[in-house]
Amino acid sequence: YGDDSLSINSHAVPGMMSPASSVSDEYVPISARRNPFVGTNTSDLHDTVWLRLTSSDVGEWSVRDVGRWLEQLGLGEYVEAFGESSVDGEMLFDVSEQALRRTIGMRSAVHRGSFLAAVRALRPCADSIDGDSTVGRWSLDQVLQWLHAIELGAVAAACRASAVHGAMLLTLARSDDGKLADQAGIGNLVLRLKLRTRTRQLVLDVAGVAGAADAHAVAIAATDAHH
């Protein structure tokens, strides 16, 4: 890479947690029941490749695995360039924005942002049931399915072109200046507001469902211990 050399991180990064199991409606918030992606078994939304990748150790990914991951993010056009640079899972965390521009040829600012957001989502989280942690690991296809489910299909084409996977969706929801949304091709202010609002609600709902499931498990354990 010359000046953009990618040093290999000697510490393997633990793989991501797979999506939470389904939870009884008794523990699902009313707002969540209108969302088919909350309180259901989200593993049904994963295809085989994505499920295998997200349940494995990122540090052990091969160059081919990285290519498959890029495709699931909507960044498949860069698979060949990453392969030519032999970027495997261990090197993935050392790819800088400068290397993306100069070596990979990723000229799109929104695509670079998408890639970097996805890499951040791969890092281990302190709280594995956090709503951000769950949504941040959605593939592009999962985001597109969710958009159609909440009647935001009008922005689906722009999200596909801009590689808006789960981590990028969270980044958009947190951006209040509108610049990133403009780069992503979401110019309609009403749709932009709805996307931000629904994403933030989604994170709260997912976190609430996961937290309720955890509390339910603790209650069952306590009951069993009492008996």
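Since this is a predicted model, take the numbers as computed values, not measurements.
A perpendicular orientation is assigned to the rings of F115 and W69, their planes being inclined by more than 60° (bins at 30° and 60°).
Between V155 and the choices L191, N188, V164, L144, the side-chain contact (heavy atoms from CB on, under 4.5 Å) rule is met once, by L191.
No single ILVMFWY cluster, assembled from side-chain heavy atoms under 4.5 Å apart, contains both V63 and L92.
Rounded to the nearest 0.5 angstrom, S85 OG and Y78 OH are separated by 14.0 Å. Atom NZ in K194 sits 13.0 Å away from atom CD1 in I186 (nearest 0.5 Å). Between E84 atom CD and T103 atom OG1 the span is 11.0 Å, to the nearest 0.5 Å. Here the CZ atom belonging to R120 is positioned 12.0 Å from the CZ atom belonging to F93, to the nearest 0.5 angstrom. Note that OG1 of T197 and CD1 of I150 are 10.0 Å apart. Values are rounded to the nearest 0.5 Å.
Between L172 and S175, every side-chain heavy-atom pair lies at or beyond the 4.5 Å cut-off. Residues L100 and L116 are in side-chain contact: their nearest non-hydrogen atoms beyond the backbone lie under 4.5 Å apart. With a 4.5 Å cut-off on side-chain heavy atoms, W146 and R198 count as touching. Side-chain contact between L169 and L195 is present, with at least one heavy-atom pair separated by less than 4.5 Å. The closest side-chain heavy-atom distance from F82 to D88 is not below 4.5 Å. For the pair M168/L180, a side-chain contact is recorded, criterion being any heavy-atom separation below 4.5 Å from C-beta on. The shortest side-chain heavy-atom distance between T199 and L170 falls under the 4.5 Å cut-off. In this structure the side chain of S139 never reaches within 4.5 angstrom of the side chain of L73, judged on heavy atoms.
With hydrogens and angles disregarded, no donor-acceptor distance shorter than 3.5 Å links the side chain of H165 to the backbone of G74. A donor-acceptor pair under 3.5 Å is absent between the side-chain atoms of R101 and the main chain of R107, judged by distance alone. With R112 contributing its side chain and M106 its backbone, the two residues share a donor-acceptor pair below 3.5 Å.
Listed here is the closest heavy atom pair of A117 and A167: O-CB, 3.4 Å. Contact record, G185 with A158: O-CB, 3.7 Å, taken as the closest heavy-atom pair. The two residues S114 and L75 come nearest to each other via the heavy atoms OG-CD1, 4.0 Å.
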side-chain hydrogen bond (donor to acceptor under 3.5 Å, both in side chains) assessment of Q201 paired with D205: CA-CA 6 Å; Q201 185 60 52; D205 288 346; 2.8 Å; yes
side-chain contact (heavy atoms from CB on, under 4.5 Å) between Q72 and L140, intermediate numbers included: CA-CA 6 Å; Q72 296 292 315; L140 170 63; over 6 Å; no
CA sep, side-chain torsions, deciding dist, call: R196, L193, side-chain contact (heavy atoms from CB on, under 4.5 Å): CA-CA 5 Å; R196 183 187 305 135; L193 176 61; 4.0 Å; yes
Residue pair H111, S162: steps toward the side-chain hydrogen bond (donor to acceptor under 3.5 Å, both in side chains) verdict: CA-CA 6 Å; H111 281 181; S162 300; 5.8 Å; no
L122 and W61: CA distance, side-chain angles, deciding distance, side-chain contact (heavy atoms from CB on, under 4.5 Å) verdict: CA-CA 12 Å; L122 290 175; W61 284 5; 4.0 Å; yes
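Under a cut-off of 6.0 angstrom, the local environment of CZ in R200 is crowded, with over 12 non-hydrogen atoms contributed by other residues, nucleotides or ligands. The neighbour count for E80 CD, taken as heavy atoms of other residues, nucleotides or ligands under 6.0 Å away, does not exceed 12. Heavy-atom contacts from other residues, nucleotides or ligands closer than 6.0 Å to CZ of R68 number more than 12.
A salt bridge between K179 and D182 is absent, with no side-chain N of the basic residue lying under 4.0 Å from a carboxylate O of the acidic one.
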